[in-house]
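Just so we're clear, the structure is a prediction, and the values are computed from it rather than from any experiment.
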Amino acid sequence: MRKLILAVVALFICVSVKAQNLDPVNSIDYFNLGIDKHTQKDYAGAIDAYTKSIEIDSTNWRSYFNRGLTKKDLNNHKGAIADFTAAIKIDTANELLYFVRGMSKYVLKDFNGAIADMTKSIRIKDSYHSAYLVRGNAYKDLNKFKEAILDYNKAIKIDPTFEEPYFQRGILRGYQKDFVGAIADFSKAIEINPSNENSYANRGLARISVNQKESACADFKKAVALGNKNAKQMLATYCR
């Protein structure tokens with residue numbers, strides 16, 4: 001199963017070119033410097049700039065948020081959670097803050113904590129399809145398959161072109177030996193994104209389980225062509 005990757009883009013404040021050329025003197029200057037440093041992948045410099053921004057003005061949740069994102073990029077998820085929590089104390093009704101904190105909790109395998117944060121995010125914004133997806137994944141990792149399916153269904157209902165919940169629901173249906181349902185989900189994921197090697201490999205396995213060998217082998221070959229190394233073994237095992 002592939003790892004879920006969700007990118008969160010740092011917030012930007014519009015400033016004039018003149019302001020950007022000045023040495024930082026206030027909270028917004030340091031905030032923008034942090035954005036510049038982050039863009040240059042100078043993560044240590046970005047954290048330092050956001051910290052100075054916070055020291056000058058500790059009421060701006062964006063500085064905590066962006067510093068948290070930078071820590072996340074450094075795989076310091078505990079530090080990121082601390083910053084997102086500080087941001088939430090300032091803005092308790094921002095669904096994005098609960099979402100990013102929940103993502104870091106998910107990475108740390110705090111699945112119950114991730115579910116709690118995604119639930120708060122959804123309560124603020126019921127149409128947040130990514131929050132349903134991550135909560136569904138957390139439920140799946142806790143073997144709460146019924147709840148996971150409901151969340152994947154909701155994410156798909158909100159955005160039928162969202163590939164990931166089809167893929168994840170297909171994985172879960174495979175766990176439950178609903179191979180016909182899994183094939184349908186992987187097929188939909190492929191329709192949305194024809195270049196996803198993992199969808200072909202998993203659809204091939206589901207097709208093997210319902211004796212569709214020819215179609216399964218075609219899927220394994222496609223997965224190999226797209227770079228899936230595991231599919232080579234599947235070809236050797238099932239398609240001799």
Side-chain angles (χ1 to χ4, degrees), residues 1-7 99 102-103 105-107 109 111-112 114-119 121-122 125-240:
M1 180 181 119
R2 66 182 177 184
K3 222 185 232 187
L4 172 66
I5 301 175
L6 292 176
F99 177 81
M103 280 294 299
K105 288 179 179 179
Y106 182 84
V107 172
K109 299 188 185 301
F111 300 128
N112 285 312
I115 289 168
D117 274 343
M118 294 304 160
T119 299
S121 181
I122 289 165
K125 185 178 179 181
D126 184 56
S127 61
Y128 205 165
H129 60 1
S130 292
Y132 282 104
L133 169 66
V134 178
R135 192 174 70 174
N137 287 347
Y139 278 132
K140 177 162 62 65
D141 288 328
L142 292 172
N143 295 319
K144 294 183 177 181
F145 295 158
K146 180 180 178 180
E147 291 88 345
I149 288 284
L150 289 173
D151 274 348
Y152 295 146
N153 291 348
K154 183 68 175 181
I156 289 168
K157 184 178 181 180
I158 294 168
D159 184 1
T161 67
F162 190 16
E163 173 200 0
E164 189 71 23
Y166 291 106
F167 179 88
Q168 297 294 343
R169 192 174 66 179
I171 293 290
L172 186 48
R173 284 177 166 168
Y175 290 167
Q176 297 176 313
K177 300 188 184 304
D178 175 11
F179 300 117
V180 173
I183 290 168
D185 276 339
F186 293 131
S187 295
K188 186 64 180 179
I190 289 167
E191 179 185 324
I192 296 168
N193 179 12
S195 63
N196 188 334
E197 64 193 60
N198 296 302
S199 293
Y200 288 102
N202 281 284
R203 188 174 68 175
L205 288 173
R207 283 175 162 170
I208 285 291
S209 298
V210 293
N211 298 313
Q212 296 178 3
K213 182 177 178 180
E214 185 176 348
S215 296
C217 292
D219 277 343
F220 295 147
K221 289 177 182 177
K222 182 66 175 180
V224 170
L226 290 170
N228 190 300
K229 295 180 181 179
N230 293 329
K232 291 183 179 180
Q233 183 59 46
M234 296 171 192
L235 269 174
T237 301
Y238 299 112
C239 304
R240 289 180 291 179

A.B. asks: Between Y238 and L205, is there a side-chain heavy-atom distance shorter than 4.5 Å?
C.D. replies: yes
A.B. asks: So which atom in P160 and which in I192 form the shortest heavy-atom distance, rounded to 0.1 Å?
C.D. replies: O-CD1, 3.7 Å
A.B. asks: Do the non-hydrogen side-chain atoms of Y166 and S187 ever get within less than 4.5 Å of each other?
C.D. replies: no
A.B. asks: Measuring from atom CG of N202 to atom CZ of R207, what distance do you get when rounded to the nearest 0.5 angstrom?
C.D. replies: 12.5 Å
A.B. asks: Which heavy atom in G174 sits nearest to a heavy atom in A182, and how many Å separate them?
C.D. replies: N-CB, 4.0 Å
A.B. asks: Quick one: are Y200 and P194 in side-chain contact, heavy atoms under 4.5 Å?
C.D. replies: yes
A.B. asks: Would you name the heavy atoms of D126 and I158 that are closest together and state the gap between them?
C.D. replies: O-CD1, 3.6 Å
A.B. asks: I need the L133 CG to N137 CG distance, nearest 0.5 Å.
C.D. replies: 5.0 Å
A.B. asks: Would you check if S127 and Y132 make a side-chain contact, meaning some heavy-atom pair closer than 4.5 Å?
C.D. replies: no
A.B. asks: Got a donor-acceptor contact below 3.5 angstrom from the R240 side chain to the A236 backbone?
C.D. replies: yes
A.B. asks: With sequence neighbours left out, what residues match Y152 under ring pair (Phe, Tyr, Trp, His ring centres under 6.0 Å)?
C.D. replies: none
A.B. asks: What's the verdict on side chain to side chain contact (heavy atoms under 4.5 Å, CB included) for R173 and I183, showing C-alpha distance, side-chain angles and the deciding distance?
C.D. replies: CA-CA 9 Å; R173 284 177 166 168; I183 290 168; over 6 Å; no
A.B. asks: Check S199 against F186 and note the closest heavy-atom contact, atom names and distance.
C.D. replies: O-CB, 3.9 Å
A.B. asks: Once you round to the nearest 0.5 Å, how far does CG of N112 lie from CG of D117?
C.D. replies: 11.5 Å
A.B. asks: Where do A148 and K140 come nearest, in terms of heavy atoms and distance?
C.D. replies: CB-N, 3.8 Å
A.B. asks: If you round to the nearest 0.5 Å, how far is OH of Y139 from CE of M118?
C.D. replies: 12.0 Å
A.B. asks: Just grab all the disulfide (SG to SG under 2.5 Å) pairs involving residues 184-240, residues at least two apart or on different chains.
C.D. replies: C217-C239
A.B. asks: I156 versus R169: any side-chain heavy-atom pair under 4.5 Å?
C.D. replies: yes
A.B. asks: What pair of heavy atoms forms the shortest contact from F179 to A206, and how long is it?
C.D. replies: CB-O, 3.9 Å
A.B. asks: Tell me if the centroids of the rings in Y106 and F111 come within less than 6.0 Å of each other.
C.D. replies: yes
A.B. asks: Going from CZ on F220 to CD on E197, what distance comes out if it is rounded to the nearest 0.5 angstrom?
C.D. replies: 14.0 Å
A.B. asks: To the closest 0.5 Å, what do you measure between CZ (F145) and OH (Y175)?
C.D. replies: 7.0 Å
A.B. asks: Which donor-acceptor pairs under 3.5 Å do side chains of residues 225-233 form with protein atoms, sequence neighbours excluded?
C.D. replies:
{"from": "N228", "atom 1": "OD1", "to": "N230", "atom 2": "N", "distance (Å)": "3.0"}
{"from": "N228", "atom 1": "OD1", "to": "A231", "atom 2": "N", "distance (Å)": "3.0"}
{"from": "N228", "atom 1": "ND2", "to": "N198", "atom 2": "OD1", "distance (Å)": "3.3"}
{"from": "Q233", "atom 1": "NE2", "to": "T237", "atom 2": "OG1", "distance (Å)": "3.1"}

